[in-house]
Protein chains: 2
Amino acid sequence: MTSANALSASLEDYLEAILLITKTKGAARSKDISKHLSVKGPSVTGALRLLAEKDLVHYAPYDVVTLTAQGRAVAENIVKRHEALHSFLFEVLQLDEQTAESTACQLEHAISESVLERLVRFVQFVKDCPRGGNNWVNGFAHNCDSGASYDVCEPCIKQCMENLSRYQKGGETDTMQIKLSEIQPGERGAIESIEAAGTIRRRLLDMGATPGTVVEVERVAPMGDPIDVKIKGYHLSLRKEEAAGIVLKKIR
Amino acid sequence: MTSANALSASLEDYLEAILLITKTKGAARSKDISKHLSVKGPSVTGALRLLAEKDLVHYAPYDVVTLTAQGRAVAENIVKRHEALHSFLFEVLQLDEQTAESTACQLEHAISESVLERLVRFVQFVKDCPRGGNNWVNGFAHNCDSGASYDVCEPCIKQCMENLSRYQKGGETDTMQIKLSEIQPGERGAIESIEAAGTIRRRLLDMGATPGTVVEVERVAPMGDPIDVKIKGYHLSLRKEEAAGIVLKKIR
DNA sequence: TTATAATATTAGTCGAGCCTAACTTTAAGT
DNA sequence: ACTTAAAGTTAGGCTCGACTAATATTATAA
Ligand SMILES: [Mn+2]
Ligand SMILES: [Mn+2]
Ligand SMILES: [Mn+2]
Ligand SMILES: [Mn+2]
């Protein structure tokens with residue numbers, strides 16, 4: 001063999017579907033997959049056999065389907081590509097949700113690791129750069145609506161100056177350190193230090209979450225536990241006590 | 001029939017190849033296409049028959065291939081999608097030329113008209129917005145190299161302020177009107193008025209080249225004729241006398 | 001527990017898109 | 001004009017990924 005790897009776009013979609021279904025229903029049945037991908041039963045059976053051969057799913061006839069460790073890793077990577085593209089299409093290009101969704105799911109199969117990294121980084125940069133941020137993205141929206149007018153830029157640039165001074169000498173205006181467990185949904189912060197230990201620490205370091213990396217809180221469950229965060233394009237769900245071990249400097 | 005349209009990714013690539021080869025060699029031979037797409041002869045013959053059935057190419061056995069009017073239009077649209085993606089990947093994400101090229105040629109097949117429009121507009125916006133421009137893109141490059149530092153932003157924002165004032169009250173600092181025929185390669189300008197008549201005028205208006213639209217000069221031939229310009233994602237080649245009918249306000 | 005409905009699998013078909021091997025046509029050189 | 005090389009086509013085969021129709025299994029409910 002040369003490199004028996006390289007899944008087809010089709011098989012990637014099956015794997016992606018299985019992961020998504022698994023996340024909400026525990027395990028995937030053939031019917032679920034069939035519905036999710038709009039294909040008929042026999043197509044699913046065929047795909048499952050191929051995926052089982054490649055050790056990406058646990059599959060026995062008439063039984064439910066689950067991902068192997070390897071399969072899960074691959075599937076998560078596909079979802080990551082999907083989400084990175086979705087973020088770009090929806091949040092940056094500001095296409096409507098449906099277009100962003102279906103386009104992302106087609107493009108995802110042609111995005112290499114290096115392109116993915118750049119894309120994630122780019123979307124992050126659009127949001128984080130003091131010249132950019134939501135203001136900048138809104139400027140694009142305004143530009144789309146109103147021909148080629150840049151008249152929203154003046155107030156924006158003033159905002160940029162403020163943002164910038166916070167980034168540069170954060171020591172005076174806003175050194176406020178805060179634990180990740182105390183932050184509100186939608187807020188963001190740059191990692192100051194990681195007090196956490198064990199699995200969480202390792203997981204964060206594996207993601208390249210070094211001090212300075214921006215963390216965004218996506219959702220906090222009713223009792224403040226668990227906390228869903230986004231970091232370098234990854235989604236992560238942390239228990240409150242785990243989140244308390246991560247010290248941030250608040251942004252914006 | 002419902003809509004016998006919708007070319008496969010493969011056929012789109014054949015059409016794209018034929019256009020590109022035609023542009024440099026007048027007409028495409030089977031061999032050229034075969035080489036361009038890295039497929040063997042019989043694959044080309046098969047594809048050509050399908051394209052001929054759809055009235056997209058003129059094809060007779062053992063003869064050279066040319067595009068029909070319809071085929072040319074479709075091919076040009078594919079190239080436009082390719083180039084829009086390439087611009088984004090190469091100029092904005094700043095991926096290396098090869099990655100940008102091959103990725104664009106895969107992604108192009110899943111880009112709808114509306115996504116294309118947004119993407120073209122976005123790349124344009126990144127370059128034109130006074131908060132953005134090359135400085136902003138360079139900021140992204142710096143951010144990629146140096147972890148997550150935004151320390152290049154200060155001088156950039158000052159530059160932004162200057163750009164902005166030119167955009168807003170261009171009457172004082174730089175109302176300089178100039179004919180498109182007098183501008184240098186790499187320079188850009190916003191359309192003030194279109195004095196041109198006839199075909200060129202119509203062609204420009206069809207592209208939606210209204211006053212305010214940004215035009216960039218790509219190349220000027222040795223004798224100043226013809227002039228290659230980029231406008232709203234389209235490439236356009238104008239004779240000097242045609243270009244003289246377009247009045248611009250210089251930018252940056 | 002047994003009938004019935006819901007799910008899943010098998011078997012066989014089809015088109016797209018590639019290939020190799022063998023043959024035909026065209027172009028070039030002598 | 002004749003020979004030969006290059007280019008192009010035909011014939012036939014293969015994989016992928018979908019489908020339908022028929023069959024088998026499992027779940028459900030009387
Ligand atoms: Mn997909
Ligand atoms: Mn997807
Ligand atoms: Mn392509
Ligand atoms: Mn292409």
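Labels below follow one simple rule: chain letters A, B, ... track the order of the sequence lines, proteins then strands, and each chain is numbered from 1.
Between the CD atom of B/Glu12 and the C1' atom of C/dG17 there is a distance of 15 Å, rounded to whole Å. Rounded to whole angstrom, the span from the CG atom of A/Leu51 across to the P atom of D/dC16 amounts to 13 Å. If you measure from atom CD1 of A/Ile33 to atom C1' of C/dT9, you get 14 Å, rounded to the nearest angstrom. When the C1' atom of D/dT25 is taken as reference, atom NZ of A/Lys31 falls 16 Å away, rounded to whole Å. Atoms NZ (B/Lys25) and P (D/dA7) sit 10 Å apart, rounded to a whole Å. Separating the CG atom of A/Leu48 from the P atom of C/dT9 is a distance of 7 Å, rounded to the nearest angstrom. Going from atom CZ of B/Arg29 over to atom C1' of C/dT25 covers 15 Å, rounded to whole Å. Distance B/Lys35 NZ to D/dG8 C1': 15 Å, rounded to the nearest Å.
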Restricting to nitrogen or oxygen on both sides, can you table the protein-nucleotides 17-21 of chain D pairs closer than 3.5 Å?
residue : atom : partner : partner atom : Å
D/dG17  : OP1  : A/Ser8  : OG           : 2.5
D/dA18  : OP2  : A/Ser10 : OG           : 3.1
D/dA18  : OP2  : A/Tyr14 : OH           : 3.3
D/dC19  : OP2  : A/Lys40 : N            : 2.9
D/dC19  : OP2  : A/Ser43 : OG           : 2.8
D/dT20  : OP2  : A/Lys40 : NZ           : 3.4

Would you tabulate the nitrogen or oxygen pairs shorter than 3.5 Å linking the protein to nucleotides 3-5 of chain D?
none

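Under 4.0 angstrom from either OP1 or OP2 of C/dT10 there lies at least one side-chain N or O belonging to A/Arg49. Within the 4.0 Å cut-off from OP1 or OP2 of C/dT9, at least one side-chain nitrogen or oxygen of A/Tyr59 is found.
In this structure, B/Phe122 and A/Phe122 have perpendicular ring planes: the angle between them is above 60°, well past the 30° mark.
Aromatic ring centroids of A/Phe125 and A/Trp136 lie 6.0 Å or more apart.
There is no side-chain donor-acceptor pair under 3.5 Å between A/His109 and A/Glu16. With no hydrogens or angles considered, no side-chain donor-acceptor pair links A/Thr68 and A/Asp55 at under 3.5 Å.
Minimum atom distance to the side chain of A/Thr45 is reached by C/dT9, of the listed C/dT9, D/dA7, D/dT9.
The one candidate from B/Glu12, B/Glu117, B/Glu76 that meets the salt bridge (charged side-chain N to carboxylate O under 4.0 Å, His left out) condition with B/Arg81 is B/Glu12.
When all heavy atoms of B/Ala110 and A/Leu107 are compared, the pair lying nearest together is CB-CD2, 3.6 Å.
Separating the OG1 atom in B/Thr99 from the CZ atom in A/Arg118 is a distance of 10.0 Å, to the nearest 0.5 Å.
Checked for salt-bridge contact, A/Lys80 and A/Glu108 miss the test: no charged N lies under 4.0 Å from a carboxylate O.
Partners of B/Lys35 under the salt bridge (charged side-chain N to carboxylate O under 4.0 Å, His left out) rule, at least two apart in sequence or in another chain, do not exist in this structure.
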